[in-house]
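For reference, the structure is listed below as structure tokens.
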Protein chains: 2
Amino acid sequence: MTEPTTPLRARDRARAEVMSELLAAARARLESEGSAALSLRAVARDLGMASSAVYRYVPSRDALLTLLIIEAYDAVGEVAEKVAADAHGADPAQTWLEVARAVRRWALDQPYSFELIYGTPVRGYRAPDDTVRSAVRLWGVIIGLLMAAARDGVLDPAGPDFDPAGRMAPEALAVAGFTDPTTVPDDVARIAIRSGTLFTSLVGAISVELFGHLHHVAGDYARFFDVTIATSAAGVGLRVSLD
Amino acid sequence: MTEPTTPLRARDRARAEVMSELLAAARARLESEGSAALSLRAVARDLGMASSAVYRYVPSRDALLTLLIIEAYDAVGEVAEKVAADAHGADPAQTWLEVARAVRRWALDQPYSFELIYGTPVRGYRAPDDTVRSAVRLWGVIIGLLMAAARDGVLDPAGPDFDPAGRMAPEALAVAGFTDPTTVPDDVARIAIRSGTLFTSLVGAISVELFGHLHHVAGDYARFFDVTIATSAAGVGLRVSLD
DNA sequence: GAGAAACGAGAGCAGTGCTCTCTGCTGTGA
DNA sequence: TCACAGCAGAGAGCACTGCTCTCGTTTCTC
């Protein structure tokens, strides 16, 4: 009803609507068949339009995939953030286990979305800045938990660290709230390093399970996952107890 | 010169030769452009033959990829086995670091081969038994190192383990030399579990780096890798010292 | 040497990403 | 109010893909 300088005219509304239908159809095809089989023409057919018309909305197939990538990053980020937020005040170590479990559950529920972001990168895809902002949300949760653990005195200060501040990218420190690398206290920088290890073990554990590398090795995947998470957590000084 | 019951006639020799040229061409295209861009027709062109003729040697594109997958598994396995063998008697923990570094180097040198085996699985690919035998070689090295560590008394027996024997797949135990699951001593089964964590952290650390997830986070990738490996090793009771 | 088996080439089918052109429709400024 | 610019969509077409089928030719086997 309000009329701003750039109002939403009928055409713009129609365009936005088609765009969201397009994304929904693409998402559906992604979830059911995987990114490799996601064809722009098939999505166009689902929408009942000519394939050439899709190019009015999306410059290329890779661009469409990029949109789905951002969606996926936001989805995992949201899952992790929600679990962390719901655990108000609980032991950060146990919260980390819950976060990790939730991310694993998300990945098992939509394996193709997980693959899209943490599997083999899409050919010709170069992360645009929009992606980075969404991609980094999971990191943010991990860093937050480690900082809480340090604050609570639950984080074992010893561990295989190394001169950290100088080797962390400014973006990573910015996630933790430090815009000027030189002002970062040593313990915070150490936390950033440890967050990398936790992130790696999380992504690694899910990848290895999802991509079939445990097929002839582990029996109980969920338990194996828990043990892996607990082990890497112990490595960075977080004591996670299982059952 | 010897003439077995099934001698290598001229045709068979030609066939074997074409087959190896085919594989070589496919490998070259894989290394330069990645598996997604590997086209059977392009390989056929490289060999100067009609695309349809390639189907006399390989039933499908996926089958060709499967052959490359086996090659890649054997390549990493060989790298790991060589490093482990060359470290005769050295501290198993340090040897593990060397093995991990060598695998990382291999992955950075031929990223597309690494992707092929540890990235998103090829669509429509279901691991045939030939693959399993090659895929499990890296696991074998890890288990060997852990057993050596246990023998030398270097392996911290404590750690986040769980009732192991019942939950390990028979194939995994077979790698460690135990064909009958019921005869597996508890400590060996524990080792198998820990090998999973080491394997996961190795694959995870390389994936995360290779697939660009450290791009805005870590500065010194090699150092980050070492720290991750050392951390997860510490988690399973192996003390790795860096420099 | 005759018949069978294997080999290679070519045409062809269905599918893909993407471009170009043409036709309507919509929103805008005179 | 009306002509004009810009946009959405459709269709044809190009170059590419995996894969199949057919048709000669070569090679091995009996």
Side-chain angles (χ1 to χ4, degrees), chain A residues 3-23 25-26 29-30 32-69 116 121-126, chain B residues 3-23 25-26 29-30 32-69 116 121-126:
Chain A
E3 188 120 8
T5 29
T6 49
L8 268 193
R9 313 220 174 279
R11 192 130 83 181
D12 300 272
R13 296 234 255 115
R15 189 180 169 80
E17 196 168 325
V18 173
M19 188 68 198
S20 85
E21 282 174 17
L22 189 63
L23 271 178
R29 283 219 105 92
L30 170 72
S32 65
E33 299 170 314
S35 65
L38 192 151
S39 107
L40 225 145
R41 288 176 111 116
V43 173
R45 275 194 300 272
D46 292 346
L47 265 64
M49 64 199 297
S51 68
S52 56
V54 174
Y55 285 87
R56 298 276 177 206
Y57 295 88
V58 151
S60 72
R61 194 194 95 117
D62 278 353
L64 179 60
L65 277 182
T66 299
L67 294 177
L68 294 177
I69 287 174
L116 194 58
V122 174
R123 220 181 104 76
Y125 162 81
R126 192 99 255 143
Chain B
E3 188 118 9
T5 30
T6 48
L8 269 192
R9 313 219 172 281
R11 188 130 88 183
D12 300 87
R13 293 235 254 116
R15 188 179 172 81
E17 195 167 327
V18 172
M19 188 69 198
S20 85
E21 282 173 17
L22 189 63
L23 271 178
R29 283 217 104 93
L30 169 72
S32 65
E33 299 170 316
S35 66
L38 191 152
S39 109
L40 224 146
R41 288 178 112 115
V43 173
R45 276 194 299 272
D46 291 347
L47 265 64
M49 65 199 297
S51 68
S52 57
V54 174
Y55 286 86
R56 298 275 177 207
Y57 296 88
V58 151
S60 70
R61 195 195 95 117
D62 278 353
L64 179 59
L65 277 181
T66 300
L67 293 177
L68 294 177
I69 286 172
L116 194 58
V122 175
R123 218 180 106 76
Y125 162 81
R126 191 101 258 142

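Sequence lines set the chain letters: A, B, ... in the order given, protein chains first and strands last, and positions in each chain run from 1. Quick caveat: nothing in here was measured; it's all calculated off a predicted structure.
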Query raised in the report: With nearest nucleotides of DNA chain D determined for A:S51 and A:Y57 from heavy-atom distances, which residue corresponds to the more 5′ nucleotide?
Result: A:Y57
Query raised in the report: When all nucleic acid strands are considered with a 4.0 Å heavy-atom cut-off, which category describes B:R61: base, sugar-phosphate, or nothing?
Result: sugar-phosphate
Query - Integer-rounded Å distance: C:dA9 P and B:R45 CZ - result: 14 Å
Report summary line: A:R13 CZ to D:dA8 P, in whole Å, measures 16 Å
Query raised in the report: Given atom CD of A:E33 and atom P of C:dT16, what is their separation to the nearest angstrom?
Result: 10 Å
Query raised in the report: Is there a side-chain polar atom (N or O) of A:R15 under 4.0 Å from OP1 or OP2 of C:dG27?
Result: no
Query raised in the report: What integer distance in Å separates A:M19:CE from D:dC7:P?
Result: 16 Å
Query - Among C:dT16, D:dT17, D:dA10, the nucleotide that comes nearest once only the side chain of A:S39 is considered - result: C:dT16
Query raised in the report: Which whole-number value in Å describes the distance from B:L40 CG to D:dC16 P?
Result: 16 Å
Report summary line: Assert: residue with more 5' nearest nucleotide on DNA chain D, out of A:R41 and A:M49, is A:M49
Hey, can you pull the donor-acceptor pairs under 3.5 Å for the side chains in residues 35-48 of chain B, sequence neighbours left out?
| residue | atom | partner | partner atom | Å |
| --- | --- | --- | --- | --- |
| B:S39 | OG | B:R41 | N | 3.4 |
| B:S39 | OG | B:A42 | N | 2.9 |
| B:D46 | OD1 | B:R29 | NH1 | 2.8 |
| B:D46 | OD2 | B:R29 | NH1 | 2.5 |

Query - Whole angstrom value for the distance that separates P of C:dA5 from CG of B:D12 - result: 15 Å
Query raised in the report: What's the CZ-P distance between B:R29 and D:dC16, to the nearest Å?
Result: 12 Å
Query raised in the report: Under 4.0 Å: is that the gap between some side-chain N or O of B:S52 and OP1 or OP2 of C:dA9?
Result: no
Query - Spacing of CG belonging to A:L67 relative to CG belonging to A:D62, to within rounding of 0.5 Å - result: 11.0 Å
**Report entry** Shortest non-hydrogen contact between B:M49 and B:Y57, atoms and distance
**Finding:** CE-CE1, 4.2 Å
Report task. Please report the shortest heavy-atom distance between B:R15 and B:R56, naming the atom on each side. Result -> NH2-O, 3.0 Å
Requested in this report: Go through the steps for B:R13 and B:E17 under the test side chain to side chain contact (heavy atoms under 4.5 Å, CB included), then give the verdict.
Outcome: CA-CA 6 Å; B:R13 293 235 254 116; B:E17 195 167 327; 5.8 Å; no
Report summary line: Between CZ of B:R56 and C1' of D:dC19 the distance, given in whole Å, is 13 Å
